[in-house]
Protein chains: 2
Amino acid sequence: MANVKETSTNSVNRRFLTSCDMTYAVQLMGGRWKLLILMRLAGGKLRFGELRKFLPNITERMLTLQLREMEEDGLLIRTVYAEVPPRVDYALTPIAHDLVPICQHLHSWGASHRKAHVGQASPMAHTEAVPQ
Amino acid sequence: MANVKETSTNSVNRRFLTSCDMTYAVQLMGGRWKLLILMRLAGGKLRFGELRKFLPNITERMLTLQLREMEEDGLLIRTVYAEVPPRVDYALTPIAHDLVPICQHLHSWGASHRKAHVGQASPMAHTEAVPQ
DNA sequence: CAGCATCCAAATGGATACTG
DNA sequence: CAGTATCCATTTGGATGCTG
């Protein structure tokens, strides 16, 4: 496309509109997918297709968008290998790693709250396995 | 108002579509405002107008919507006093209180990440367009 | 004071088809 | 394999006016 499209997925636009650190954190990790991606990558780097398998309900488009934003925000490193077929993997940056324990607390909180409130929690822990 | 409008802001709809505890937590506390509301209420109950003052950028409509959802999700208690003028206050439930320390960690993370990462970008850190 | 109703714009999320 | 492009649906956010 000749039309150079300034995507609205611009980290400069997304990141600096607040002076509140909490709002900033929410902007970086908010949305439906980023915390799940972070948890998946906590165990080590993964390829695009592996992430997709672990997040069964995400579309390719959304996974791509979220990964790009997280990369722009300094949360992960994208490595492209010059091979055929193509290979790309994603790894957390140290700063993103700092967030992992916080996410685990959030996960535990969700588990206990859901158990207390719904009466039953699924044993599948981190796995997003909603049948569609 | 014979027209019964089934709002989509139904907690049953919002809450039980996942079998992943992390997704569940994200659904409860996701969005732009809920974590900020939670932090504000961590110090004790507040009235609607007080919350609004502390969250200068939120509209009345959004504050109302977020508070209602959090109430439906068992995160806060809404108390209406039979007075004129009306008085309503909001207080966290124990379960929401459990989330407070996690939020504080997230806040600290946001602060250090922003300091580390935005150091080169813009000096607008604590002063500019968005008050607070 | 603490809201609700209405209308509207923007952002986000998704289905499907296609590609280097 | 790892994405793009396009179109569409849903959700979120906001401006304004009104009310018990």
Side-chain angles (χ1 to χ4, degrees), chain A residues 1-11 13-15 17-18 23 26-27 29-34 36-37 45-71 76 78-90 128 130 132, chain B residues 1-11 13-14 17-18 23 26-27 29-37 45-71 76 78-90 130:
Chain A
M1 295 315 171
N3 179 9
V4 177
K5 213 165 170 187
E6 277 306 311
T7 75
S8 57
T9 315
N10 186 318
S11 68
N13 289 338
R14 287 189 301 105
R15 273 200 302 216
L17 294 175
T18 183
T23 298
V26 169
Q27 284 178 356
M29 295 312 302
R32 182 171 166 185
W33 301 112
K34 287 182 182 175
L36 295 173
I37 293 171
K45 55 171 64 171
L46 289 175
R47 300 178 60 171
F48 185 87
E50 292 172 325
L51 278 169
R52 189 157 62 117
K53 269 184 297 188
F54 287 139
L55 277 35
N57 299 311
I58 198 170
T59 62
E60 290 176 357
R61 185 180 102 102
M62 287 313 300
L63 183 54
T64 300
L65 288 175
Q66 301 303 305
L67 290 172
R68 290 290 186 282
E69 286 185 8
M70 292 175 74
E71 186 189 6
L76 53 80
R78 179 175 183 264
T79 307
V80 183
Y81 300 88
E83 303 175 357
V84 176
R87 184 158 66 97
V88 178
D89 63 36
Y90 297 87
E128 166 97 4
V130 179
Q132 286 213 326
Chain B
M1 308 1 178
N3 181 9
V4 178
K5 211 165 172 187
E6 275 307 309
T7 79
S8 55
T9 315
N10 185 318
S11 69
N13 290 338
R14 285 190 300 106
L17 293 174
T18 183
T23 299
V26 169
Q27 285 179 356
M29 295 312 303
R32 183 172 165 186
W33 300 112
K34 288 182 182 176
L35 287 176
L36 295 173
I37 292 170
K45 54 171 64 171
L46 289 175
R47 300 178 60 171
F48 185 88
E50 293 172 324
L51 278 168
R52 189 156 63 117
K53 269 184 298 189
F54 287 139
L55 277 34
N57 299 313
I58 199 170
T59 62
E60 290 176 356
R61 187 180 100 101
M62 287 312 299
L63 183 53
T64 300
L65 288 175
Q66 301 303 304
L67 290 171
R68 289 292 184 281
E69 286 186 7
M70 292 175 74
E71 187 189 5
L76 54 79
R78 178 175 184 263
T79 306
V80 183
Y81 300 87
E83 302 176 357
V84 176
R87 184 158 65 97
V88 178
D89 63 37
Y90 297 87
V130 185

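Side-chain atoms are counted along with the backbone in the values below, which use heavy atoms only and exclude waters and symmetry mates. By convention in this document, chain letters (A, B, ...) are assigned in the order of the sequence lines, proteins followed by strands, and residues within each chain are numbered from 1.
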| query | For A:Leu67 and A:Leu51, what are the C-alpha separation, side-chain angles and deciding distance, and is it a side chain to side chain contact (heavy atoms under 4.5 Å, CB included)? | reply | CA-CA 10 Å; A:Leu67 290 172; A:Leu51 278 169; 4.0 Å; yes

Provide, to the nearest angstrom, the distance between the [atom1] atom belonging to [X] and the [atom2] atom belonging to [N].
X: B:Phe54; N: C:dA2; atom1: CZ; atom2: C1'; answer: 17 Å
X: B:Arg68; N: C:dA5; atom1: CZ; atom2: P; answer: 11 Å
X: A:Phe48; N: D:dC1; atom1: CZ; atom2: P; answer: 11 Å
X: A:Arg52; N: D:dC1; atom1: CZ; atom2: C1'; answer: 9 Å
X: A:Leu55; N: D:dG3; atom1: CG; atom2: P; answer: 14 Å
X: A:Glu71; N: D:dG3; atom1: CD; atom2: C1'; answer: 14 Å
X: B:Glu69; N: D:dT12; atom1: CD; atom2: C1'; answer: 10 Å
X: B:Glu50; N: C:dG3; atom1: CD; atom2: C1'; answer: 16 Å

| request: Show the numbers, then the answer: is there a side chain to side chain contact (heavy atoms under 4.5 Å, CB included) between B:Leu46 and B:Phe54? | output: CA-CA 10 Å; B:Leu46 289 175; B:Phe54 287 139; 3.9 Å; yes

| request: For a side chain to side chain contact (heavy atoms under 4.5 Å, CB included) with B:Leu76, tell me which candidate from B:Lys34, B:Lys45, B:Glu71 qualifies. | output: B:Glu71

| query | Taking all atoms of both residues into account, what is the closest heavy-atom pair of A:Arg32 and A:Asn57, and its distance? | reply | NH2-CB, 4.5 Å

| message | Categorize B:Tyr81 for me: base, sugar-phosphate, or nothing, with a 4.0 angstrom heavy-atom threshold over every strand shown. | response | nothing

| side-chain N/O B:Arg47 vs C:dA2 OP1/OP2, d < 4.0 Å | yes

| field | side chain to side chain contact (heavy atoms under 4.5 Å, CB included) against A:Arg61, all qualifying residues, sequence neighbours excluded | value | A:Thr59, A:Leu65

| request: Go through B:Trp33 and A:Val26 one step at a time and tell me if the side chain to side chain contact (heavy atoms under 4.5 Å, CB included) criterion holds. | output: CA-CA 9 Å; B:Trp33 300 112; A:Val26 169; over 6 Å; no

| request: Sugar-phosphate means primed atoms, P, OP1 and OP2; the rest is base. With that split, encode nucleotides 13-20 of chain D 5' to 3' as B, S or - using protein heavy atoms under 4.0 Å. | output: BBB----B

